[in-house]
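See structure below.
Residue numbers run from 1 in the order of the sequence given. Worth saying up front: this structure is predicted, and the values here are computed from it rather than measured.
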Amino acid sequence: MKDKLTLSIEEDVIEFAHKLSEKTGQSISSIVENHLMDLKETREKDYQVSSKVKNLTGFFAGEDFPEDKQEMRKIFHEKSSD
């Protein structure tokens with residue numbers, strides 16, 4: 001269901017929106033809606049974390065993250081064997 005939304009936007013952005021609308025043949029509403037939908041999808045993807053990453057969450061909590069891969073592996077194996 002579509003609904004109306006009123007926005008307060010700077011004049012130069014409104015001018016840009018009108019030019020973009022003319023150039024692309026899209027309404028300003030569809031441009032804004034499509035952009036917001038893209039942002040929504042991006043945000044939802046950011047929060048989908050694999051089970052492997054979830055298991056590692058907090059592994060280095062309270063410590064500086066090791067710069068050296070060898071040191072990181074050593075700490076990881078020590079903690080995971082506990």
Side-chain angles (χ1 to χ4, degrees):
M1 177 176 117
K2 298 255 181 184
D3 207 348
K4 288 189 175 198
L5 172 67
T6 303
L7 301 171
S8 297
I9 301 175
E10 295 290 331
E11 282 186 43
D12 63 325
V13 177
I14 293 171
E15 289 175 23
F16 172 77
H18 283 292
K19 289 177 185 175
L20 183 63
S21 175
E22 288 176 16
K23 186 176 182 178
T24 62
Q26 294 178 288
S27 69
I28 294 173
S29 292
S30 69
I31 293 170
V32 171
E33 181 179 14
N34 288 337
H35 184 65
L36 290 173
M37 288 178 77
D38 287 345
L39 286 173
K40 179 180 179 242
E41 288 176 14
T42 300
R43 296 274 174 136
E44 288 172 350
K45 286 179 187 174
D46 287 346
Y47 292 109
Q48 295 175 0
V49 178
S50 73
S51 60
K52 286 182 181 181
V53 172
K54 285 180 185 176
N55 289 336
L56 293 173
T57 302
F59 224 76
F60 295 100
E63 302 176 21
D64 289 335
F65 193 80
E67 294 289 328
D68 179 53
K69 285 185 181 182
Q70 296 290 359
E71 182 65 21
M72 183 174 62
R73 286 186 180 120
K74 178 183 168 196
I75 294 169
F76 174 77
H77 289 291
E78 287 171 359
K79 286 187 175 189
S80 63
S81 64
D82 291 339

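With sequence neighbours excluded, the residues satisfying side chain to side chain contact (heavy atoms under 4.5 Å, CB included) with Leu39 are His35, Leu36. Take Ser27 and apply the side chain to side chain contact (heavy atoms under 4.5 Å, CB included) test, not counting sequence neighbours, and it matches Ser29, Ser30.
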Only distances under 3.5 Å count here; give the side-chain donor-acceptor pairs of residues 9-19 to other protein atoms, sequence neighbours excluded, each with its distance to 0.1 Å.
none

